[in-house]
Amino acid sequence: MQYNFKDIEEKRRRAWQEKGIFKADPQSGKPKFYCLEMFPYPSGKIHMGHVRNYTIADVAARFKAMRGFEVLHPMGFDAFGQPAENAAIKNNTQPSIWTYKCIDGMKRELEKMGFSYDWEREISTCDDTYYRWNQWIFLKMFERGIAYKKASSVNWCPSCRTTLANEEVIEGGCWRCHTVVEQKELEQWFLKITEYKERLLDDLDQLRHWPGKVLTMQSNWIGKSRGVEIFFRLKDGDTVIPVFTTRVDTIFGATYVVLAPEHPLVKKLIKGKPQENEVLRFIEKVSKESKVVRSSSDVKKEGVFTGAYAVNPVNNETIPVWIADYVLMEYGSGAIMAVPTHDQRDFLFAKEHGLSMRIVIRPVGHMSSAGVQEMTEAYEDDGIQVNSRQFDGLSNQEAKKKIAEWMEQEGIGKIVTHWRLRDWLISRQRYWGTPIPMIYCSKCGVVPVPYEDLPVKLPENAPFTGEGGSPLGKVGEFVKVDCPKCKAPARRETDTMATFFDSSWYFLRFCSPKFDGAPFDAKEAAYWMPVDQYIGGIEHAILHLLYSRFFTKFFKDLGMIPFDEPFLRLLTQGMVLKDGEVMSKSRGNIVDPDSIISKYGADTLRLFILFAAPPETELEWDDRGIEGSFKFLNRVWRIQDNLKDKADETVVRAMHKAIKKVGEDIDNFKFNTAIAGLMELVNIIYQSGADKEVFSKLILMLCPFVPHFAEELWELMGNKDSACVQPWPAFDPVLLIEENVTVIVQINGKLRSKVIVPAETSEETLKNIVFSEEKIKPWLQGRPVKSVIVVPNKLVNIVV
RNA sequence: GCGGAGGUGGCGGAAUUGGCAGACGCGCAGGUCUCAGAAGCCUGUGCCGCGAGGUAUGAGGGUUCAACUCCCUCCCUCCGCACCA
């Protein structure tokens, strides 16, 4: 007999809905647990990645509820963004219509999975009841100087016809369409995330329950490095070239200076020099090279001499100034001091162009020998200073400090900290996003939209042609507005916000999704936040998480929340693969969750996806594996037909053991072994039979994993109220203590026998038992016993 | 190049943190039931060997009574960052 999931699942979901079981109530008096998964972009259909992400979270949420927590488990949609705009163009419709249709479809599929969401808290970022608060937050940021406008060279994707954040440029290409990104000069809105760089870095220490990998990625992204800014004066004139280095210990080995081709001083340096034309040609050539080519590491380092000379301030040596493609304008000061003996790039460049070298650090124990001629590569490791005047003989690490201090005293250098993190460009020349609430007045300049005029709504029926510029700029009634200050005719900002803005605070909105006095109700946020468990893909390890942390700190500075970090625990789930590859349309290897649900039901899908691999690792989809999960549920289903009056003690003990194991495993997100534990218990029940109590507890343990299934069995067992609201079963520690233990017997560390003895048998008795073992005796014949190692209740190792 | 994670049967994966390697599942083989099949149920299943036994956690070495686990050398895979000065 097979269980009829089709009837069961639908019926159970309706019952949960009617009873309002998943409603989060801040007044309950219970300890809170905020379980959140990264909300989806509403593409219209869920994929296996969603199923996995949300199933993992759902087990955690349901388990915590059974453990007596008041659980907040919300769901919503990250609904702004380019795909909707593209789809609208393609299908000749409006992004809002398309998006809300997708949300509907997606929500239906999510509901079919039986997730324990409090749907009353649903939010969509494209709803003006949501995005008006984006505008509110933006105005607050503007007031505090966090949001500002500047003209800058921005990344421009010619295919998407929009600007991209640095973070959206991957290896020189657009993160979405991989088209090579160009540079374009535009007036853009930025958020000064760099003002928070120290806190964003330092507070990573608080995040003890985040994967180390994510912490490392964040830390690298912020990219703090300490070094010295050294002032190289030009030999002729007063011009000073500031140079940043982290290896000031090598300063005495600097034999030339290199500027980035884009460096603003270059034109001045070459003016009137014989090299002028050659340099200009080189700059022209480099500027045409795409970033991809320029940054691929095996490319030969090219450069030209500028004809100018600079003075090394530590020894007054005159050294040539070059420009080269391997020096980047966007890092440091766009200029370097080159030390070919101790930097591999400089080494290769110097060899190529016959530039001079000087060794200033030697490895410890190799003080005498080897000259520059013998070097085949730069020596970049630690060592002892040589050719460095008063610093000779110091370890280079010590010299690094001493030289920096000395240079600062002499006024020829400055100890500085350099950060890789850049301000966040949020302007987008797109329609389907939050309008930036700013007005341009010819008299008053840039004027913020007054708070009482929010939201600035997106106009309906904007023209979509797919051709350049923002569609908002073409809607006259949107653009035309009176200046809030002087009432003269003015025009609105027509750019919209990057969608990462929307997702940087949605977790706060979930605490009070209908609140209309502010982005969130401070009281509710103080109760629910921070998020206790956050679950999502590793692809958001840097951007989304960094921005959310930034917003949280901003809200704290506004006095709206009392904490620094939004997410206490983070789990990044692995991807779902088919035949070793990511499921994707182009590969044609997609397994549609909906088809699996129709064939086996949501519970089987949930069970398989949890059982097949631990949450963090990649999961290989296996059609036969899912049948195994279905088989297991049927196996459990049949137990109800053969219940005994009283189960054997072995079964009862096994049950208590399972309660302990499964509970601990769920707490540690080891769902695969938790389910294995349940399978073991079921195997024992098939051997020895279960009674009503054992079976009931098994059902409750299954509840977080396969809730519809467990709920149905629970009712069939004669229970009136829902299984999901039952307390998690308790185990009896007394019953976990084994009466007899199996002790393994080893000779020289090799397993030779096992004996079953009463627990806590003394060492002496154990030895006696072991030495009289029939299987052991032959191994001891003619071999003197050197020593006997006894681990109580575990093993006896006889060394002969 | 730098940083991180990892390498265990035919496959997905376990191993209480130094104490029976391979839990649990998939697959495979055999049995049972059946007129037959499917489904169930039971048994077996790392490799070599009829057997006693030997051997095995990427390769090699070391520490230890005992190593998947700790240390050293090397190889490979995946991920992130990357001419970052």
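Letters A, B, ... are given to chains in the order of the sequence lines, protein chains preceding strands, and every chain is numbered from 1. Reckoned from all heavy atoms, side chains included, excluding hydrogens, waters and symmetry mates.
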Determine the interplanar angle of the [X] and [Y] rings, folded into 0 to 90°, and report it as parallel if under 30°, tilted if 30 to 60°, perpendicular if over 60°.
| X | Y | value |
| --- | --- | --- |
| A:H342 | A:Y379 | perpendicular |
| A:Y331 | A:F244 | perpendicular |
| A:F630 | A:F5 | perpendicular |

What is the nucleic acid contact for [X], judged by heavy atoms within less than 4.0 Å: base, sugar-phosphate only, or nothing?
| X | value |
| --- | --- |
| A:N683 | sugar-phosphate |
| A:F632 | nothing |
| A:K786 | nothing |
| A:K670 | sugar-phosphate |

Please determine, for [N], whether a Watson-Crick or G-U wobble partner exists with both distances under 3.5 Å, and give it or none.
| N | result |
| --- | --- |
| B:A36 | none |
| B:G46 | B:U55 |
| B:G22 | none |
| B:G3 | B:C79 |

Quiz prompt | Phosphate contact (B:A82 OP1 or OP2) by A:R420 side-chain N/O below 4.0 Å | solution = yes

Nucleotide N/O of nucleotides 64-71 of chain B paired with protein N/O under 3.5 Å:
unit_1 : atom_1 : unit_2 : atom_2 : d
B:C65  : O2'    : A:N797 : ND2    : 3.2
B:C65  : O2     : A:N797 : ND2    : 2.6

